[in-house]
Amino acid sequence: MWRRIIISCIFLLPLAWVTNFHENLNVALERPLRTFPVQVNGWVQVKDVTFSQGIMGVLQATDYLFRDYADKNGNRVNLYIGFHDGGPNSGPIHSPRNCLPGSGWVLDSQRLISVSGPEGPLEVVRAEYSKDGTTHVFYYWFNVRNHIITDEYKLKMMEIASSLTMRRKDSSFIRIAMDKRFDQRNEGAVFEQFFKDFYPLIREYLPS
């Protein structure tokens, strides 16, 4: 019995230290998201949303961007970037697996897809959700120190590892959404072009 108690203490003491004495740093963005360009390679901002205090109280993001961009062909894309600095007042990222169904969206399909990045192919999540007779396509990923993550479990593991080794728990959620009608044009070409134009710029704003 005493052996079990000693073993339990060995494992619980580090956890107690982390809980009571370990505090993560507040990691800042490279630049505030309000300075994000309104025009990017032919894409022009057509809508910029400011969230209410109530929404921010639930979201608990340190900084965010919620904009619609349109190109000359009439394609309209929504970009959301939510940054959480990892400090004591920063809340966790809310997974779209929970938030979208909670807002009345019904998941139709979800899979990982490969998209061309500046340094090679990258994987992001592609999910289709329906609501009130319309279907939207959501492409999203999580970002921790410029690493793309597509799984909530891996996100938590990386946050814990960063917290223990670097005293930082900052993370970001990036979502690109559009009506399925736009996504069906040329089999996802609208997203691929938007990702190509915006991804390098998004990386410039997020901490490495």
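Given the structure is predicted, the values throughout are model-derived calculations rather than measurements. The figures that follow rest on heavy atoms only: side chains count, while hydrogens, waters and symmetry mates do not.
Tracing side-chain contacts under 4.5 Å through hydrophobic residues (I, L, V, M, F, W, Y), one reaches L201 starting from L122; they form part of the same cluster. The cluster map of Ile, Leu, Val, Met, Phe, Trp and Tyr, joined by side-chain heavy atoms under 4.5 Å apart, puts I202 and F173 in different clusters.
Of the candidates F195, F194, Y139, F182, V77 forms a side-chain contact (heavy atoms from CB on, under 4.5 Å) with just one, namely F194.
By the 4.5 Å heavy-atom criterion applied to side chains, K180 and E128 are counted as neighbours. Under the 4.5 Å side-chain criterion, counting only non-hydrogen atoms from C-beta, L79 is in contact with F198. Side-chain contact between I174 and Y140 is absent, with no heavy-atom pair separated by less than 4.5 Å.
Centroid-to-centroid, the aromatic rings of Y205 and F36 come within less than 6.0 Å. Y80 has its ring centre no less than 6.0 Å from the ring centre of Y64.
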(request) Under the side chain to side chain donor-acceptor pair (under 3.5 Å) rule, what do S130 and D108 come out as? Steps first, then yes or no, please. (result) CA-CA 7 Å; S130 296; D108 298 323; 2.3 Å; yes

(request) Please test S171 against E159 for side chain to side chain donor-acceptor pair (under 3.5 Å), starting from the C-alpha separation and ending with a verdict. (result) CA-CA 8 Å; S171 57; E159 286 179 339; 2.9 Å; yes

(request) Check the pair E152 / S95 against side chain to side chain donor-acceptor pair (under 3.5 Å), numbers first and verdict last. (result) CA-CA 7 Å; E152 288 84 351; S95 169; 2.6 Å; yes

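Remark: R31 CZ is packed, more than 12 non-hydrogen atoms of other residues, nucleotides or ligands lying under 6.0 Å away. Dense packing is recorded around NZ of K131, with more than 12 heavy atoms of other residues, nucleotides or ligands lying under 6.0 Å away.
The closest side-chain donor-acceptor pair between R145 and S208, if any, does not fall under 3.5 angstrom.
Using a 4.0 Å cut-off between a side-chain N of Lys or Arg and a carboxylate O of Asp or Glu, E30 and R203 do not qualify as a salt bridge. With respect to K169 and D85, no salt bridge is recorded, no charged nitrogen being found less than 4.0 Å from a carboxylate O.
For the pair R175 and F138, the cation-pi test (distance below 6.0 Å, angle within 45°) is failed.
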